[in-house]
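When a residue number appears, it is its place in the shown sequence, counting from 1. The analysis underlying the following values was restricted to heavy atoms, covering all of them including side chains, and did not include hydrogens, waters or symmetry mates.
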Amino acid sequence: SDLPPMLMALDARFKFSGKPGERELSSEEFFAKHPKTWMAHDEILTEIIVPRLGEGEQAFFSTFTRTAVDFALESVAGWVKRQDKICEDARIVLGACSVLPQHVKEVEGFLVSAGPWTREVPVKAGGFMKEHGKFQRDARASLELRRQVGRVLLVRALKDLDGPCPCSIASKKGGRS
């Protein structure tokens, strides 16, 4: 599904109601395991809370499919906070490569430690994605294809953050998301 990686990248929270009362889970907790393993039989998901983007924050989602109506072969979602061309924080999530979405913490760490944002930062981040993403091959794609697609999706999305990008989530009305 396309939503889980994006919800993780945006640090969404999930509110549940049941007999014991209400509880809230972070996206990390929510997507750590299949809900059958942690959700009580009398609980129901009542709300998904997605924080608004703040100043200097940008989010992106990029996906690769074989056809327009196919399930994603792979997806990358992200959130970055930059101040004066320096990345202060980042969340990068790989989707459709395993049962659950996964943070690629090595890419996040690189982005935060990279210094000034130059044209080379997205390219180097793509290298970290290819090397550290937990890709799984299946009947639809080889392991090497998945690594290459993950790298390309991330590089393109990060490069688009500096231009008028129709795929970036913006706080303005009327733009594509």
Side-chain angles (χ1 to χ4, degrees), residues 1-12 27-28 30-31 48 50-54 56-82 85-114 117-177:
S1 173
D2 293 343
L3 279 177
M6 195 71 238
L7 291 171
M8 256 177 104
L10 292 172
D11 203 22
S27 54
E28 286 287 325
F30 184 83
F31 292 115
I48 300 174
V50 181
R52 287 184 183 267
L53 293 177
E57 296 179 3
Q58 293 173 289
F60 60 86
F61 179 78
S62 187
T63 187
F64 177 78
T65 60
R66 290 181 181 213
T67 67
V69 294
D70 198 3
F71 288 106
L73 184 66
E74 196 162 326
S75 64
V76 175
W79 168 89
V80 295
K81 181 177 183 181
R82 295 187 295 173
K85 294 214 172 226
I86 303 287
C87 183
E88 296 177 345
D89 200 3
R91 285 189 293 276
I92 306 297
V93 182
L94 187 59
C97 285
S98 61
V99 175
L100 300 168
Q102 56 176 292
H103 270 282
V104 187
K105 295 191 183 292
E106 294 84 357
V107 175
E108 297 169 355
F110 166 74
L111 290 171
V112 171
S113 67
W117 195 278
T118 64
R119 290 181 179 183
E120 294 304 312
V121 169
V123 174
K124 289 179 181 177
F128 276 87
M129 175 64 89
K130 184 178 177 185
E131 183 178 342
H132 297 287
K134 293 180 181 130
F135 301 95
Q136 294 179 351
R137 68 183 175 133
D138 62 17
R140 300 181 308 150
S142 69
L143 192 56
E144 185 55 30
L145 175 63
R146 287 193 180 272
R147 286 184 179 131
Q148 288 291 1
V149 169
R151 180 187 64 78
V152 169
L153 288 175
L154 181 65
V155 170
R156 287 180 180 171
L158 291 175
K159 283 183 175 183
D160 283 345
L161 293 178
D162 284 328
C165 176
C167 62
S168 288
I169 297 174
S171 57
K172 301 176 194 172
K173 290 187 177 182
R176 282 189 349 201
S177 59

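- Between Arg82 and Asp162, the closest side-chain pair of non-hydrogen atoms falls below 4.5 Å.
- Side-chain contact between Asp160 and Phe60 is absent, with no heavy-atom pair separated by less than 4.5 Å.
- Arg91 contributes a side-chain N or O that, together with a main-chain N or O of Ala9, makes up a donor-acceptor pair within less than 3.5 Å.
- Checked against Val93 for a side-chain contact (heavy atoms from CB on, under 4.5 Å), the options Pro5, Ser27, Ser75, Pro4 give a single hit: Pro5.
- The two residues Ala72 and Thr65 have their closest heavy-atom pair at CA-CG2, 3.5 Å.
- Taking CG from Asp89 and CD from Glu57, the interatomic distance works out to 8.5 Å, rounded to the nearest 0.5 Å.
- Note that CD of Gln102 is 12.5 Å distant from NE2 of His132, once rounded to the nearest 0.5 Å.
- Within a 6.0 Å radius of CZ in Arg156, other residues, nucleotides and ligands contribute 12 heavy atoms or fewer.
- When only modelled atom types and interatomic distance are considered, Asp11 and Trp79 share no side-chain donor-acceptor pair under 3.5 Å.
- Looking at Glu108, its side chain does come within 3.5 Å of a backbone N or O of Ile92 through a donor-acceptor pair.
- Considering CD of Gln148 and CD of Glu144, their distance stands at 5.0 Å, rounded to 0.5 Å.
- Side-chain atoms of Trp117 and Leu111, non-hydrogen and from C-beta on, do get closer than 4.5 Å to each other.
- Ion pairing of Arg146 with Asp138 is present here, as a side-chain N (NZ or NE/NH1/NH2) and a carboxylate O approach within less than 4.0 Å.
- In this structure, CG on Leu154 lies 9.5 Å from CG on Leu94, to the nearest 0.5 angstrom.
- Distance check: Phe31 CZ to Leu7 CG gives 5.0 Å after rounding to the nearest 0.5 Å.
- Summarising the geometry, atom NZ belonging to Lys124 is positioned 14.0 Å from atom CG belonging to Leu158; distances are rounded to the nearest 0.5 Å.
- Partners of Phe110 according to the ring-ring contact (aromatic ring centres under 6.0 Å, His included) rule, which considers only residues two or more places apart in sequence or in another chain, are Phe128.
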